[in-house]
Peer 1: 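First the structure, then my questions, so here it is.
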Amino acid sequence: MEGEVGSLSSELFDVLRVRGKVTKPGPMASPCRVEGGGADSYRSVRHPWSLYGVDNKVLERAMRNLADGLPQRGWKIVKQGTDSSRNRNLEILAIHLESRTQAEITWRKGLDGHEPLISFAVYSRCFRDPDFSATPTSDG
C-alpha cells in the first residue's frame, strides 16, 4: 500500500506541471481504528508533502493544472473552493476512483507572512493487514 500511495503522490506531482522544491518524507503506515475490528490489524498509509520555493503565480497555475488534470487520471474532485481561513486558501479534495485513495490539496498563499506553498495529504483507506501490529512485540 505504501508503494501505491507513493505512486499516486508522484502522479499528482506530474499533474502540477510546474517545478519547485518538494519536501522529502515518503509514505508512512500507521494504525487506524475500525468499528468492531481489532486496531492491531488495521492501518492506513499517509503521504504528506509540499511544493514550495516558487511564487503565487506559479502555484495558481499548478492548482489550475490539478483541477483540469486530475479527472483525466482517474481522480474525482469532490470539493474545490476556498477554505474558511482569513487567507481564503484554495482547496481541492479528490478521490482516486480505482484505489479509493484520497488527496487533500491546499494552496497556502502565504498572505500571513509564511512562504507560499501547496500542501498535499495523500492517504489510503483503512485496510486490514494481518502482518501489521500497532503494538511492538519484544523477543524476550
Side-chain angles (χ1 to χ4, degrees):
M1 188 60 72
E2 287 92 344
E4 180 178 296
V5 170
S7 176
L8 290 169
S9 279
S10 292
E11 181 176 280
L12 293 174
F13 181 76
D14 292 342
V15 174
L16 288 169
R17 295 194 331 253
V18 301
R19 295 296 174 242
K21 297 177 183 176
V22 179
T23 54
K24 296 290 183 196
M28 302 168 284
S30 60
C32 60
R33 294 180 182 247
V34 175
E35 206 170 302
D40 289 351
S41 59
Y42 289 89
R43 66 179 178 159
S44 65
V45 175
R46 185 173 174 89
H47 185 200
W49 59 280
S50 297
L51 172 74
Y52 66 100
V54 294
D55 65 28
N56 272 320
K57 286 184 180 186
V58 173
L59 296 176
E60 180 178 21
R61 186 172 71 240
M63 290 298 281
R64 273 196 318 268
N65 291 343
L66 284 166
D68 293 343
L70 287 175
Q72 299 168 15
R73 300 275 189 119
W75 292 84
K76 179 180 180 180
I77 296 175
V78 295
K79 180 182 175 189
Q80 183 176 1
T82 56
D83 68 11
S84 60
S85 73
R86 190 171 49 173
N87 291 328
R88 308 296 293 162
N89 297 313
L90 186 60
E91 297 179 308
I92 294 174
L93 174 61
I95 299 172
H96 190 259
L97 296 174
E98 184 179 325
S99 69
R100 308 307 293 167
T101 297
Q102 296 185 37
E104 294 176 9
I105 306 162
T106 306
W107 170 23
R108 301 182 189 282
K109 299 175 186 175
L111 302 177
D112 55 2
H114 293 93
E115 182 174 8
L117 57 83
I118 297 177
S119 67
F120 294 80
V122 183
Y123 51 93
S124 73
R125 68 205 176 285
C126 194
F127 61 95
R128 182 168 170 62
D129 185 353
D131 295 331
F132 178 74
S133 175
T135 310
T137 58
S138 63
D139 293 338

Peer 1: Look at the side chain of E115 and the backbone N and O of G53, then say whether any donor-acceptor pair between them is shorter than 3.5 Å.
Peer 2: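 The answer is yes, because a donor-acceptor pair under 3.5 Å joins these two groups.
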Peer 1: Please identify each residue that fulfils side-chain contact (heavy atoms from CB on, under 4.5 Å) with R61, with sequence neighbours left out.
Peer 2: V18, V58, R64, N65
Peer 1: Does Q102 reach the side chain of V78, with side-chain heavy atoms less than 4.5 Å apart?
Peer 2: no
Peer 1: Which atom pair, heavy atoms only, marks the closest approach of A67 to I92?
Peer 2: N-CD1, 4.2 Å
Peer 1: Between P71 and L66, what is the shortest heavy-atom contact and its length?
Peer 2: CD-O, 4.3 Å
Peer 1: Determine whether T106 and L90 make a side-chain contact, defined as any pair of heavy atoms from C-beta on separated by less than 4.5 Å.
Peer 2: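 SC-SC contact between T106 and L90 ruled out.
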Peer 1: Which residues satisfy the side-chain contact (heavy atoms from CB on, under 4.5 Å) test with L117, sequence neighbours excluded?
Peer 2: S50, Y52, R108, S119
Peer 1: Could you tell me whether the side chain of P48 reaches within less than 4.5 Å of the side chain of R46, counting heavy atoms only?
Peer 2: yes
Peer 1: Give me the other members of the hydrophobic cluster that L97 sits in, counting Ile, Leu, Val, Met, Phe, Trp and Tyr linked by side-chain heavy atoms under 4.5 Å, directly or via other members.
Peer 2: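 Listed partners: none, L97 stands alone.
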Peer 1: Please enumerate all residues that pass side-chain contact (heavy atoms from CB on, under 4.5 Å) together with S85, with sequence neighbours excluded.
Peer 2: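 Residues passing side-chain contact (heavy atoms from CB on, under 4.5 Å) with S85: D83, N87, N89.
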Peer 1: Go through the structure and list residues passing side-chain contact (heavy atoms from CB on, under 4.5 Å) with V22, not counting sequence neighbours.
Peer 2: F13, W49, L51
Peer 1: Applying salt bridge (charged side-chain N to carboxylate O under 4.0 Å, His left out), name anything that partners K79, two or more places apart in sequence or on another chain.
Peer 2: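 Result, salt bridge (charged side-chain N to carboxylate O under 4.0 Å, His left out) vs K79: E91.
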Peer 1: Search all heavy atoms of G20 against all heavy atoms of V54 and return the closest pair with its distance.
Peer 2: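 That closest heavy-atom pairing would be CA-CG1, 3.9 Å.
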Peer 1: Who are the side chain to side chain donor-acceptor pair (under 3.5 Å) partners of R88, not counting sequence neighbours?
Peer 2: T82
Peer 1: Would you say S9 and H47 make side-chain contact, with heavy atoms under 4.5 Å?
Peer 2: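 Of all side-chain heavy-atom pairs linking H47 with S9, at least one is under 4.5 Å.
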Peer 1: Can you name the residues that form a side chain to side chain donor-acceptor pair (under 3.5 Å) with E104, not counting sequence neighbours?
Peer 2: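 Side chain to side chain donor-acceptor pair (under 3.5 Å) check on E104 returns Y123.
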Peer 1: Suppose the criterion is ring pair (Phe, Tyr, Trp, His ring centres under 6.0 Å): which pairs have a residue in residues 89-112, not counting sequence neighbours?
Peer 2: W75-H96
